[in-house]
Structures are given as C-alpha cells and as structure tokens.
Amino acid sequence: MLPTPQDPVGLRRDVLASLVVFLVALPLCVGIAVASGVPAELGLITGIVGGLVVGAMPGSSLQVSGPAAGLTVLVFEAVQEFGLGVLGAIVLATGLAQIALGAVRFGRWFRAISVAVVQGMLAGIGLVLVFGQLYTMAGIKQPRSGVDKIVGIPGLIADIATDRTALTAFAVGAGTMVVLVLWKKAPAKARVLPGPLVAVALATAVTALGGLDIANVEVKGLIDAIQPPALNDLTALGGIGVLGTVLAFTLIASAESLFSAAAVDRMHDGPRTHYDKELMAQGVGNTVCGILGALPMTAVIVRSSANVQAGAKTKRSRILHGAWLLLFAVLLPAAVGIIPLAALAGVLVHAGCKLVPFKELVPLWREHRGEAVVLGITAIAIVTTSMFEGVVLGLFLAVAKSAWDTSALHLDIREPANGGIVVAVAGHATFLRLPRLLETLEALPQDRPIELDLSQVRHLDHACRTALETWAARHNEQGTEAVRVRHPEAVTAA
C-alpha cells in the first residue's frame with residue numbers, strides 16, 4: 001500500500017531515497033555535461049528539470065529523469081556541428097515532438113522497437129563514449145569520429161607514456177575507475193554512499209592534497225549558463241541535418257525512457273507506468289530544457305534503480321532529488337570547480353562499459369543468432385558512421401529479419417504411384433522466398449504431370465502468385481498434361 005502525504009514513515013523513506021538519488025545524480029549530471037562539450041551547469045539544469053518538472057507529472061511514479069550517458073555522443077556531435085545555441089532549439093523541438101507522439105498515443109509503439117536495436121544502440125554509444133573519454137582522462141583533445149578515436153589509441157598510449165601531465169591525469173581517471181569497480185565489494189554500510197560520488201570525491205581530495213597539476217571543471221554559474229535559443233537558432237531547424245538530429249534525439253530519448261520504465265516496473269509492486277503519459281512528461285521536460293538551452297533528458301535506469309532500491313514509495317523522492325540539485329547549484333557552485341576532469345572521464349568510461357552487454361552476447365549468439373547480428377551491426381555502424389545512421393540501419397535490419405522469419409516456407413515433393421509429381425507448399429509464400437521456390441520448381445522434369453498443392457499456404461503475395469502462374473503455364477513440354485494448381489480455400493493475398 002502506497003503511503004499517503006500524512007504517512008510519516010513513507011515520507012521519511014522518500015526523503016532518504018531522494019538524498020541517495022541526488023548523490024548518484026550529482027557527478028553524473030556534471031560528467032555528462034562536460035563529456036557533451038557544454039558547461040557543467042547545463043547538466044545540473046537538466047537534472048533539476050527532470051526532478052522538479054518531470055518528477056511531478058503523471059506517467060511513472062519512481063522513474064528518475066535527467067541527462068543520460070546514452071545521448072552524450074550525439075549531443076557532442078550536435079554541439080560541434082551546429083553550436084550550443086542550436087542545441088537548445090534541437091532539444092526544444094525534440095520535446096514538442098515527444099508531446100505530440102504521446103498525445104496521439106504513440107508511446108506504446110516504442111515498446112515494439114527491437115531489443116537488439118536498442119542494445120546495439122547503447123553498445124555503440126558505450127564504445128564511442130569509452131574510446132572518447134580515454135582521451136579526456138589524459139587531458140588530450142579527443143578526435144571527432146568514432147573510427148579516429150579507435151585508430152588514435154596507439155598515439156594516445158605514446159602520449160601518456162611520454163608526457164608527465166597526461167600520465168598524472170590518466171592515473172587519476174584510472175584510479176576513479178578502480179574505486180567504482182571495487183566499491184561493489186565494500187561493506188554494506190559503506191555502500192550507502194553511491195560509488196560515483198565516493199570515487200569523484202576521493203579523486204578530488206587526492207588531486208587537491210597532492211597539488212596535482214591537472215584540469216578541473218570550469219564553472220560559469222547557474223544563471224550565466226542558461227542561454228535560451230535565439231531566433232536564428234530556431235530557424236536552423238529547417239535544415240536537413242538539424243531535422244535528422246531532432247529525429248535521432250526523439251527516437252533515442254523516447255525509446256530509452258520507455259525501456260527504462262519497463263525495467264523499473266519490474267523492480268517494484270507499485271502503480272505501473274502509463275507509457276503515453278510518460279512520453280508526454282519527457283516531452284514537457286525536454287521542452288523546458290530546450291527553452292533554457294540545457295541538455296536533453298531521458299529517464300535514466302541507474303538513478304531510477306537507486307531510487308527504488310533506496311525504498312522510495314512515491315514521486316516525492318524524485319521531486320526532492322531535483323530540489324537538492326537546485327540547492328547545491330545555487331549554494332555550492334564552487335564545489336563543482338574543484339572536480340578534476342579526469343575523474344569525471346573515469347566515471348563515464350565505467351558507465352560506457354556498462355552500456356555494452358558483454359555478458360549477454362554469447363548466450364544471445366547461441367539462442368538468437370539473427371538478433372546478435374542486428375545488435376553487432378547496429379553498434380559497429382554507430383561507431384563508424386553516426387548515431388542516426390546506425391540506428392536507422394539497425395531498425396531496417398530488424399524489420400528485414402522479422403520479415404524473413406515470418407516468411408517461412410516448406411516444400412514437400414512426392415512421387416505417387418501414377419507417375420506424376422506432387423509439390424506441396426506450406427507456410428508464407430512471399431517474394432523473399434521466391435528464388436528458392438522457383439529454383440525447386442524449375443528443376444522438376446518437364447515430361448511428367450505435376451500437381452502444385454497450395455492448400456496449406458497461409459499467405460500468398462502478388463509476386464509469388466504471378467510467378468507461380470507463369471511457371472505453371474510454361475513449364476511442361478508440349479503434349480504433357482498441364483500443371484494442376486490446387487489453390488488454398490482461404491488465403492491472404494497481398
């Protein structure tokens with residue numbers, strides 16, 4: 001039973017859960033902003049909007065929204081290509097698109113997106129994020145394309161080995177990752193504090209006490225960081241490249257949010273997510289973020305799972321986490337400026353590794369090889385081309401695979417005692433299986449009577465029907481009994 005507003009036990013749980021989520025969200029909001037090539041405060045603004053605005057809206061009760069590592073690569077590319085002002089316009093358009101999709105009840109259809117495509121998308125993002133943030137860990141500017149990031153790794157290793165500053169920064173980032181990995185094995189009482197917060201705090205302390213000369217986060221101030229898109233930024237939405245980015249933002253942010261909602265629903269026994277309302281809530285949040293010139297938001301599984309595991313019972317916990325972020329950004333902005341960039345890069349390398357489903361690849365290959373191929377090609381395409389092109393290719397492959405799987409066709413050739421040949425066809429006769437079907441039929445002898453039994457065909461498309469009729473009319477030699485076709489009594493013909 002959910003707590004009422006007058007329930008002190010429920011209120012205490014929500015407050016404690018909100019503090020846990022705040023501590024998890026703080027380093028991630030800052031780190032994702034820095035990795036996206038924007039001021040750190042913009043990540044905090046998106047986290048604040050995710051808590052105070054989206055957190056108060058209907059849809060999902062316990063899911064937490066904010067800047068997501070899954071959009072980091074796409075945001076970085078958009079900022080580099082179009083500029084920070086146009087980013088606000090893109091996020092604003094994304095939010096309006098999500099509101100429209102939710103209003104026409106399109107949210108439920110995002111559940112139909114192939115899991116392999118989503119996993120491949122996240123894996124591709126994770127790989128680009130990992131290889132890119134390795135450069136940031138060393139204080140070296142990362143190449144723009146995913147291929148260049150990978151090809152440049154040997155040079156990065158050489159720079160780290162020969163440059164003392166790069167080696168120091170990389171050691172801080174690597175140490176942050178070690179703390180994140182080992183924190184899972186810490187005593188339960190210690191793990192009350194989130195791993196990312198502990199890792200970043202330790203790295204900050206070591207850097208400050210050791211007097212290490214490495215780059216820290218640049219702080220501009222919350223108000224100064226807000227830059228609403230100007231009129232010329234809004235007019236840029238007419239460009240094909242910008243519209244493609246809006247489409248990619250909408251697809252990825254919506255799919256990630258709704259897949260996260262499905263995962264969060266499995267973690268608790270409270271009210272289930274209303275997908276269309278959640279999609280509209282995400283749209284409102286992104287619209288506000290776009291107006292403020294901040295980062296795009298999605299529902300984020302790490303913060304959401306932390307919220308559930310901390311004992312949250314109502315949406316008060318996620319609203320309060322936004323309030324804590326706002327208080328921190330207003331009262332302690334200088335605290336962000338002492339965080340080393342290498343430490344945040346280490347957090348994001350660790351987050352990027354978790355986006356790649358290493359443990360699931362082998363079982364997926366054994367049980368669903370086609371899905372594994374879709375996953376792998378989607379990830380590789382994202383690394384080698386771009387986010388949008390990789391996702392579109394993945395969706396195309398998923399649809400093609402589904403069409404192929406559902407067009408299963410079985411042929412059975414029998415030779416009864418009367419000297420004729422019976423070819424029984426069962427399943428779905430579509431153009432995808434036509435080459436094999438015609439090869440089998442054309443190999444039959446032309447001097448014997450043939451019966452083509454289509455009574456067990458469930459679906460016969462126009463291409464197959466036309467091809468079979470043409471073959472039947474031309475196959476037999478002159479003087480031989482014409483091919484007899486037994487049509488199905490009830491078949492769907494396209």
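One-based numbering along the sequence shown.
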Chemist: Go through the side-chain N and O atoms of E278 and S60 and say whether any donor and acceptor fall under 3.5 Å apart.
Modeler: no

Chemist: Would you find more than 12 non-hydrogen atoms of other residues, nucleotides or ligands less than 6.0 Å from I240 atom CD1?
Modeler: no

Chemist: Taking all heavy atoms of G88 and all of P229, pick out the closest pair and write down the distance.
Modeler: C-CG, 4.0 Å

Chemist: Between L87 and F82, is there a side-chain heavy-atom distance shorter than 4.5 Å?
Modeler: no

Chemist: Give me the atom names and distance for the closest heavy-atom approach of A294 to T46.
Modeler: CB-OG1, 3.5 Å

Chemist: With side-chain contact (heavy atoms from CB on, under 4.5 Å) as the test, would you mind laying out the steps for Q456 and V425 before giving the verdict?
Modeler: CA-CA 6 Å; Q456 298 302 312; V425 183; over 6 Å; no

Chemist: Between W324 and V21, does the side-chain contact (heavy atoms from CB on, under 4.5 Å) criterion hold? Intermediate values first, please.
Modeler: CA-CA 10 Å; W324 305 140; V21 178; over 6 Å; no

Chemist: Using a 6.0 Å cut-off, check whether atom CZ of R272 has over 12 heavy atoms from anything other than its own residue.
Modeler: yes

Chemist: Between P196 and P27, what is the shortest heavy-atom contact and its length?
Modeler: CB-CG, 3.8 Å

Chemist: Quick one: CG on L44 to SG on C29, what's the gap to the nearest 0.5 Å?
Modeler: 6.0 Å

Chemist: Keeping the roles fixed (side chain from S18, backbone from R318), state whether a donor-acceptor pair exists under 3.5 Å.
Modeler: no

Chemist: Looking at T385 and G390, what are the two nearest heavy atoms and their distance?
Modeler: OG1-N, 4.1 Å

Chemist: Should the heavy atoms of other residues, nucleotides or ligands under 6.0 Å from CZ of R369 be counted, would the total exceed 12?
Modeler: yes

Chemist: Can you measure from CG (L134) to CZ (F131) and round to the nearest 0.5 angstrom?
Modeler: 7.5 Å

Chemist: Taking the side chain as every heavy atom from C-beta outward, state whether N286 and L92 have any atom pair closer than 4.5 Å.
Modeler: no

Chemist: Any chance you could measure Q63, atom CD, to N307, atom CG, to the nearest 0.5 Å?
Modeler: 10.0 Å

Chemist: With a 4.5 Å limit on heavy-atom distance, are the side chains of T298 and V300 in contact?
Modeler: yes

Chemist: Do you know which two heavy atoms are closest between D461 and H459, and how far apart they sit?
Modeler: CB-NE2, 3.9 Å

Chemist: Rounded at 0.5 Å granularity, tell me how far CG in D14 sits from CZ in R316.
Modeler: 4.5 Å

Chemist: Would you say that V75 contacts P296 through its side chain, given a criterion of any heavy-atom pair below 4.5 Å between the two side chains?
Modeler: yes

Chemist: How far apart are the C-alpha atoms of V242 and T245, what are their side-chain angles, what is the distance that settles it, and do they pass the side-chain contact (heavy atoms from CB on, under 4.5 Å) test?
Modeler: CA-CA 5 Å; V242 176; T245 304; 5.5 Å; no

Chemist: Tell me every residue that passes side chain to side chain contact (heavy atoms under 4.5 Å, CB included) with Y135, counting only those two or more places apart in sequence or in another chain.
Modeler: I140, Q142, P143, K149, I153, L156

Chemist: For the backbone of A299 and the side chain of S257, can you confirm whether one donor and one acceptor N or O come within less than 3.5 Å of each other?
Modeler: yes

Chemist: Side-chain contact, heavy-atom cut-off 4.5 Å: L468 with L454?
Modeler: yes

Chemist: Could you report the tightest heavy-atom contact between A225 and L42, atom names first, then the distance?
Modeler: O-CD2, 3.3 Å

Chemist: Does the side chain of V349 come within less than 4.5 Å of M177's, by heavy atoms?
Modeler: yes

Chemist: Between L11 and V15, does a side-chain contact (heavy atoms from CB on, under 4.5 Å) hold up when you go through it step by step?
Modeler: CA-CA 6 Å; L11 179 60; V15 171; 4.2 Å; yes

Chemist: Ignoring hydrogens and geometry, is there a side-chain-to-backbone donor-acceptor pair from S61 to K315 under 3.5 Å?
Modeler: no

Chemist: Could you tell me whether the side chain of E371 reaches within less than 4.5 Å of the side chain of K401, counting heavy atoms only?
Modeler: yes

Chemist: Can you name the side-chain hydrogen bond (donor to acceptor under 3.5 Å, both in side chains) partners of E41, sequence neighbours left out?
Modeler: none

Chemist: Kindly indicate whether the side chain of V130, heavy atoms from C-beta on, has any atom under 4.5 Å from the side chain of L348.
Modeler: no

Chemist: Could you grab the distance from atom CZ of F328 to atom CG of L326, nearest 0.5 Å is fine?
Modeler: 12.0 Å

Chemist: Just verifying a value: how many Å separate Q282 CD and L101 CG, rounded to the nearest 0.5 Å?
Modeler: 13.0 Å

Chemist: Donor-acceptor check, side chain of R436 to backbone of L409, threshold 3.5 angstrom: yes or no?
Modeler: yes

